[in-house]
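Shown next, in structure tokens, is the structure this report addresses.
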Amino acid sequence: MNSPQPSPQFELFAFWRTSATYRVRVALNLKGLTAHERIVNLDAGEQRSEEFLKINPLGAIPALVQPGHPPLTQSLAILEFLDEFQPDPPLLPTDLHGRARVRSIAAMLAADTHPLITPRVKKYLASSAASFDDAAWRAWQIQWFGTGLTAVEQRLAADTHTGAFCHGNTPTLADVVLASIVVMTRLFKITVPGTPVIDRIMQSCDAHAAFARAEPVRQQGAPA
Ligand SMILES: N[C@@H](CCC(=O)N[C@@H](CS)C(=O)NCC(=O)O)C(=O)O
């Protein structure tokens, strides 16, 4: 007889496809933590519902809730929370400069790349520019994914701290965010050329069960 599964430690407001939710799924997997997912259907605009805006007034997922505590938003803050909640395995290096490097690579993509390609930006562009269509959105995505990933590639290629992962040979917060952007380019069938270091690091991520289990297409609600 199977022993009963322990109840999930967190509630995660999530959608199958999103980059920022993927980050939290990977971190939960790495840490051996569990969350019950509450689906916020971005395609149906549920992130802007009155009910969800009480969870995150910005109208964006993920939000992580530990029973008895207010919701946590912002994937980078959630990753750091999980890293302190369950320190093993660590998502940040032990040295000061290493931590700053990892946070900086993560922010290049989470703060300066990803926000530009979110549904709210698409919605705004579509409503404010007369000629904005699917081709214009695709060109926009290629521009901003390309800018962010090319800059990260240069950063990784120039630094001896880069190993099988972004910083050494174990996954850090930087890999979680890098993979969250690359899986979106795969989903949208966008290729950013000239990124051999990222391609190599993604081989390490793809081979890691914590990343593989977080693949958008493997999540509840993903198209069959
Ligand atoms: N900086 C936030 C970004 C959150 C975010 O933009 N999430 C997207 C999904 S990946 C979202 O919910 N977008 C809703 C919208 O743009 O309407 C984080 O890292 O958590």
Side-chain angles (χ1 to χ4, degrees), residues 10-28 30 35 37-66 69-83 85 91-92 102-129 132 134 136-138 140-141 144-145 147-149 152 166 172-188 190 211 214-223:
F10 297 99
E11 215 170 42
L12 177 64
F13 288 81
F15 189 51
W16 69 272
R17 185 188 64 212
T18 92
S19 176
T21 309
Y22 168 95
R23 293 169 205 155
V24 177
R25 290 190 182 114
V26 174
L28 289 166
L30 283 167
E37 293 206 359
R38 299 265 308 265
I39 305 301
V40 180
N41 187 332
L42 297 190
D43 291 336
E46 287 179 4
Q47 70 275 32
R48 294 185 292 276
S49 68
E50 204 180 316
E51 191 194 352
F52 184 70
L53 290 175
K54 288 183 193 144
I55 305 287
N56 184 3
L58 202 61
I61 51 174
L64 186 78
V65 182
Q66 186 182 14
H69 295 271
L72 294 171
T73 64
Q74 291 297 331
S75 60
L76 290 183
I78 295 172
L79 296 189
E80 296 230 15
F81 165 81
L82 291 173
D83 205 29
F85 181 86
L91 290 179
L92 287 168
V102 164
R103 288 185 174 119
S104 168
I105 294 167
M108 286 171 80
L109 296 169
D112 288 347
T113 302
H114 169 251
L116 290 159
I117 49 88
T118 52
R120 58 189 175 279
V121 168
K122 183 181 184 188
K123 189 169 184 284
Y124 176 78
L125 290 171
S127 67
S128 60
F132 193 78
D134 285 350
W137 176 242
R138 190 165 173 78
W140 178 278
Q141 287 178 309
W144 296 117
F145 276 125
T147 301
L149 288 171
V152 167
C166 290
T172 63
L173 204 120
D175 302 285
V176 177
V177 177
L178 173 62
S180 79
I181 297 298
V182 173
V183 296
M184 288 302 122
T185 62
R186 290 174 180 170
L187 210 57
F188 299 136
I190 288 171
F211 288 79
E215 277 283 321
V217 291
R218 294 178 66 175
Q219 307 309 312
Q220 188 189 338

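Order of listing sets the numbers, starting from 1, for every ligand and every atom in it.
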Identify the two heavy atoms, one from Ala106 and one from Leu173, that lie closest to each other, and give their separation to 0.1 Å. CB-CD2, 3.5 Å
Partners meeting side chain to side chain donor-acceptor pair (under 3.5 Å) with Asn56 (sequence neighbours left out): none
Look at the rings of Trp137 and Trp140 and say which category their plane angle falls in: under 30° parallel, 30 to 60° tilted, over 60° perpendicular. parallel
Select all protein residues for which some heavy-atom-to-ligand 1 distance is less than 4.0 Å, and list them by chain and number. Thr18, Ser19, Ala20, Arg23, Leu42, Gln47, Arg48, Gly59, Ala60, Ile61, Pro62, Gln74, Ser75, His114, Thr118, Pro119, Arg120
Can you tell me how the ring of Phe10 sits relative to the ring of Phe81, calling it parallel under 30°, perpendicular over 60° and tilted otherwise? perpendicular
Give a yes or no on whether Tyr124 atom OH has more than 12 heavy-atom contacts from other residues, nucleotides or ligands under 6.0 Å away. no
For a side-chain contact (heavy atoms from CB on, under 4.5 Å) with His114, tell me which candidate from Asp112, Thr118, Leu116 qualifies. Thr118
